[in-house]
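First comes the structure, then the notes that go with it.
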Number of protein chains: 2
Amino acid sequence: MRRVSLIEATCPIARALDEIGDWWTLLIVRDAFGGKTRFGEFQKSLGLAKNILTERLKTLVANGVLEKRPASDGGARSEYHLTEKGRQLRVILFALRQWGEDHLFEDGEEMMVARDRGNLPIARLRLMNSVGDTLAPEDIVTAKGRKRKQTAHASTRTTLA
Amino acid sequence: MRRVSLIEATCPIARALDEIGDWWTLLIVRDAFGGKTRFGEFQKSLGLAKNILTERLKTLVANGVLEKRPASDGGARSEYHLTEKGRQLRVILFALRQWGEDHLFEDGEEMMVARDRGNLPIARLRLMNSVGDTLAPEDIVTAKGRKRKQTAHASTRTTLA
DNA sequence: CCGTATCCATTCCGATACTG
DNA sequence: CAGTATCGGAATGGATACGG
């Protein structure tokens, strides 16, 4: 897809962008969260060329973000469903949404909004340290380290411990 | 930059991707958070072609993510600094980091990690509703709405309500 | 309906040379 | 050091035609 691959970078941001930093990819994932599962639904919703969609879907399946299954009605069609890895992209999508809302819309402008199933608003994402202090953007630094062994599923933990 | 512009989309995710969804852009911003300010620093760190960097920096400045200033030492050089809008991209970068850490590294693999200035780990980002319930990825729905007037600065608020 | 295949225009990106 | 200019190969993306 690109001249230089960052798959070997030690920066998780670089690796993440290498896998889902493509322009269309996160929009496909967004639609998958919206309940779309079929080729034609994505194609109609996004308006992208079918060959591009084919390739993006293949990559997403190969990377374990989407799962391809035969259609539930037994037809010849396929369905694409988010895997757990894909479902965890929700935080990234919401971070993008929050920033877009804050900086790319005028007050009162028509805009898609997110709510939970009970129609409650979603709380803003905040950066905090492990003792709960809210951090300003510049309060974060990076250093060399190693990935810690995961003892419990990531989505059930609230801190890095 | 692209055939179809999503600048008019009513989805904040689409607009955000339209502005910073480019491949190199978030890596430049990441380096800016790392304290880099000069053309050569970005170029050396990222290894991208200079003409591409020139264009990306121009776009970032035009979009108000970076600010171009004369070098503080009075030389002919310029410095690029994050604006407040740019600083608020930190949440997106951290969401990418968190997902990359979880899914793109093996246990024990060498990896850049984030800490706060006191060397405390950063807490995981969680999706919650306005009353503090943690939400699963599928507990979020979208609907038509309008951008609410901002009464206080976004970074000081903890919920949308 | 779900893709695959092909063609073509545009853009991206790297490399290099050049200017101040 | 900080760009600008230019070139060419590769990838992107739109459109269309075709096959299961």
Side-chain angles (χ1 to χ4, degrees), chain A residues 1-9 14 17-29 31-32 35-63 66-81, chain B residues 1-9 14 17-29 31-32 35-63 66-81:
Chain A
M1 182 189 301
R2 176 178 317 112
R3 230 57 33 81
V4 179
S5 171
L6 295 184
I7 198 74
E8 297 178 4
L17 288 173
D18 198 54
E19 189 157 314
I20 48 93
D22 169 86
W23 196 92
W24 287 113
T25 298
L26 283 178
L27 291 175
I28 294 171
V29 172
D31 277 2
K36 295 185 173 54
T37 62
R38 295 218 307 274
F39 188 92
E41 290 181 302
F42 293 116
Q43 209 258 324
K44 190 168 150 193
S45 163
L46 298 170
L48 83 174
K50 290 200 285 185
N51 52 352
I52 303 295
L53 178 57
T54 296
E55 194 199 308
R56 292 297 185 280
L57 288 173
K58 273 184 184 165
T59 302
L60 284 165
V61 169
N63 287 337
L66 291 180
E67 183 186 14
K68 186 174 183 175
R69 309 205 288 244
S72 47
D73 63 5
R77 300 187 301 281
S78 296
E79 291 181 349
Y80 297 90
H81 291 267
Chain B
M1 181 189 302
R2 176 179 317 112
R3 229 58 33 82
V4 179
S5 171
L6 296 183
I7 198 72
E8 297 178 4
L17 288 173
D18 197 55
E19 187 156 317
I20 49 94
D22 169 85
W23 196 94
W24 287 113
T25 299
L26 283 178
L27 291 175
I28 294 171
V29 171
D31 277 2
K36 295 184 173 52
T37 61
R38 295 218 307 272
F39 187 93
E41 290 181 301
F42 293 116
Q43 209 258 324
K44 190 169 151 194
S45 163
L46 299 170
L48 83 173
K50 291 200 287 182
N51 51 351
I52 304 296
L53 178 57
T54 297
E55 193 198 310
R56 292 296 184 280
L57 288 173
K58 273 183 184 165
T59 302
L60 284 166
V61 169
N63 287 337
L66 293 180
E67 184 187 14
K68 186 174 184 175
R69 309 205 287 242
S72 47
D73 63 4
R77 301 187 301 282
S78 296
E79 291 181 350
Y80 297 89
H81 292 267

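What you see below is based on every heavy atom in this structure, not just the backbone, and it leaves out hydrogens, waters and symmetry mates. Not measured: the values here are computed from a predicted model. Sequence lines set the chain letters: A, B, ... in the order given, protein chains first and strands last, and positions in each chain run from 1.
With sequence neighbours left out, A:Arg38 forms a salt bridge (charged side-chain N to carboxylate O under 4.0 Å, His left out) with no residue at all. B:Thr54 is linked by a side chain to side chain donor-acceptor pair (under 3.5 Å) to nothing, counting only residues two or more places apart in sequence or in another chain. Under the side chain to side chain donor-acceptor pair (under 3.5 Å) criterion, B:Gln43 pairs with no residue at all, not counting sequence neighbours. Shown here are the salt bridge (charged side-chain N to carboxylate O under 4.0 Å, His left out) partners of A:Glu41, two or more places apart in sequence or in another chain: there are none.
Atom pair A:Trp23:CH2 and C:dC13:C1' shows a separation of 19 Å (rounding to whole Å applied). Distance, B:Ile52 CD1 to D:dG8 P: 17 Å, rounded to whole Å. Rounded to whole angstrom, the span from the CG atom of B:Leu48 across to the C1' atom of D:dG3 amounts to 13 Å. To the nearest angstrom, P of D:dA10 lies 20 Å from CG of A:Asp22. Atom CG in A:Leu53 sits roughly 15 Å away from atom C1' in D:dA15 (whole-Å rounding). Here C:dG14 presents its C1' atom at 13 Å from CZ of B:Arg56, a figure rounded to the nearest Å. We find that CH2 of A:Trp24 is positioned 11 Å from C1' of D:dT12, with the value rounded to whole Å. A straight line from CD of B:Gln43 to P of D:dA2 spans 10 Å, rounded to a whole angstrom.
Atoms OG1 and CD1, on A:Thr59 and A:Ile20 in that order, are 13.0 Å from each other to the nearest 0.5 Å. Of the inter-residue distances, the one linking B:Leu48 atom CG with B:Arg56 atom CZ reads 8.0 Å to the nearest 0.5 angstrom. Separating the NZ atom in B:Lys44 from the CG atom in B:Asp31 is a distance of 12.0 Å, to the nearest 0.5 Å.
Taking the side chain as every heavy atom from C-beta outward, A:Leu57 and A:Leu66 approach each other to under 4.5 Å. No side-chain heavy atom of B:Leu6 sits under 4.5 Å from any side-chain heavy atom of B:Leu17.
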### Task
For DNA chain D, produce a single dot-bracket line, 5' to 3'. Pairs: Watson-Crick or G-U wobble, both distances under 3.5 Å. Symbols: ( ) within strand, [ ] crossing, | other strand, . unpaired.
||||||||||||||||||.|

### B/S/- contact track for nucleotides 2-8 of chain C, protein heavy atom under 4.0 Å
SBB-B--

